[in-house]
Amino acid sequence: SDDNRFFWDGVREGKLLIQRCKACGSLRHPPGPVCPSCHSFEWDTLQASGRGTVYSFVVMHYPEVPPFDHPNPIGLIELEEGTRLVAQLVGVKPAEVQIGQAVEVVFNTFDGDLALPQFRLATAAATVA
């Protein structure tokens, strides 16, 4: 929809964009037409760093959805900017996922046109920077 098109366009360009209220500066995700803090309809976007921590997670066992590995760890990621979003955790075994782990965004494309932001454990170089 028009409310979240910017987010998916950004993902296709390798950018993690978060909606920001022009009136009060509040960040919000998922995006919406009105700021929940001040009720303004005016907004723009902020490009997030892509770094965050695992706030919570689940391991999805069913249904098995190709092309994703199973069991499939799904994290609630708290971004450095303060907003949270739900995304798949990649490159880590479900038993190794822990709340508080540092993660960084990666962008992957599936079936030629489906682009998704996913998160992997942050590298040592990324956590120092």
Side-chain angles (χ1 to χ4, degrees):
S1 75
D2 289 337
D3 292 334
N4 64 19
R5 190 175 330 280
F6 77 91
F7 179 81
W8 297 109
D9 289 346
V11 168
R12 280 190 288 282
E13 295 173 11
K15 299 176 185 175
L16 189 58
L17 300 176
I18 303 299
Q19 194 175 44
R20 176 177 52 195
C21 177
K22 281 187 170 182
C24 72
S26 293
L27 299 177
R28 61 184 184 260
H29 190 85
V34 178
C35 177
S37 298
C38 73
H39 309 291
S40 172
F41 285 89
E42 300 297 319
W43 59 270
D44 62 7
T45 61
L46 168 81
Q47 183 172 345
S49 68
R51 293 184 300 270
T53 58
V54 176
Y55 184 83
S56 186
F57 70 95
V58 298
V59 177
M60 186 174 88
H61 294 275
Y62 185 82
E64 292 187 9
V65 179
F68 306 113
D69 294 334
H70 284 85
N72 187 356
I74 308 294
L76 177 58
I77 307 303
E78 185 164 54
L79 297 174
E80 284 183 338
E81 293 77 12
T83 57
R84 296 180 188 148
L85 63 99
V86 175
Q88 182 183 24
L89 297 166
V90 295
V92 61
K93 294 177 184 174
E96 297 171 351
V97 178
Q98 296 178 13
I99 292 172
Q101 284 177 311
V103 292
E104 58 192 6
V105 73
V106 293
F107 298 96
N108 290 304
T109 303
F110 302 90
D111 299 329
D113 67 8
L114 173 63
L116 294 175
Q118 299 173 309
F119 284 82
R120 67 180 176 203
L121 296 182
T123 61
T127 56
V128 173

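What's counted below: heavy atoms across the whole structure, side chains too, no hydrogens, waters or symmetry copies.
- Closest non-hydrogen pair, A122 versus E104, comes out as CA-CD, 3.9 Å.
- Closest approach of P31 to N4, counting heavy atoms only: CG-CB, 3.9 Å.
- Closest heavy-atom contact between H70 and H61: CD2-O, 4.2 Å.
- When the side chains of ILVMFWY residues are joined at heavy-atom separations under 4.5 Å, either directly or via intervening members, L89 and Y62 end up in two distinct hydrophobic clusters.
- Q88 contributes atom CD, which lies 8.0 Å from atom CE of M60 (distance to the nearest 0.5 angstrom).
- Atom CD of E42 sits in a sparse spot, with 12 or fewer heavy atoms from other residues, nucleotides or ligands closer than 6.0 Å.
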Exercise. Just do the side chain to side chain contact (heavy atoms under 4.5 Å, CB included) check on Q118 and F68 with the steps written out, would you?
Key: CA-CA 11 Å; Q118 299 173 309; F68 306 113; 4.0 Å; yes
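- Heavy atoms of other residues, nucleotides or ligands lying less than 6.0 angstrom from CG of D69 number 12 at most.
- Hydrophobic clustering places V103 together with L116 (ILVMFWY residues linked when any side-chain heavy atoms are closer than 4.5 Å, directly or through intermediates).
- Closest approach of P117 and W8 over heavy atoms only: CD-CZ3, 4.2 Å.
- Closest non-hydrogen pair, F107 versus G14, comes out as CE1-O, 3.2 Å.
- Salt bridge R84/E78: present, at least one basic N to carboxylate O contact under 4.0 Å.
- The structure places CD of E81 at 10.5 Å from CZ of R20, a figure rounded to the nearest 0.5 Å.
- Hydrophobic cluster membership is shared by I99 and L121, with clusters built from Ile, Leu, Val, Met, Phe, Trp and Tyr side chains linked at under 4.5 angstrom.
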Quiz prompt | Residues C21, S37; criterion side chain to side chain contact (heavy atoms under 4.5 Å, CB included); working and verdict | solution = CA-CA 9 Å; C21 177; S37 298; over 6 Å; no
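- Rounding to the nearest 0.5 angstrom, the gap separating the OG1 atom in T53 from the CD1 atom in I77 is 7.5 Å.
- Shown here is F6, whose CZ atom has more than 12 heavy atoms of other residues, nucleotides or ligands within 6.0 Å.
- Taking CD1 from I18 and CG from L16, the interatomic distance works out to 5.0 Å, rounded to the nearest 0.5 Å.
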Exercise. Take T45 and W43 through the test side chain to side chain contact (heavy atoms under 4.5 Å, CB included) and record every step on the way to the result.
Key: CA-CA 7 Å; T45 61; W43 59 270; 3.8 Å; yes
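- Under the 4.5 Å side-chain heavy-atom criterion for Ile, Leu, Val, Met, Phe, Trp and Tyr, V90 and V11 are members of distinct hydrophobic clusters.
- Cluster membership for L114 and V106, using ILVMFWY side-chain heavy atoms within less than 4.5 angstrom, is not shared.
- Summarising the geometry, atom CZ belonging to F7 is positioned 13.5 Å from atom NZ belonging to K15; distances are rounded to the nearest 0.5 Å.
- Atom CG of L85 is separated from atom CZ of F119 by 5.0 Å, given to the nearest 0.5 angstrom.
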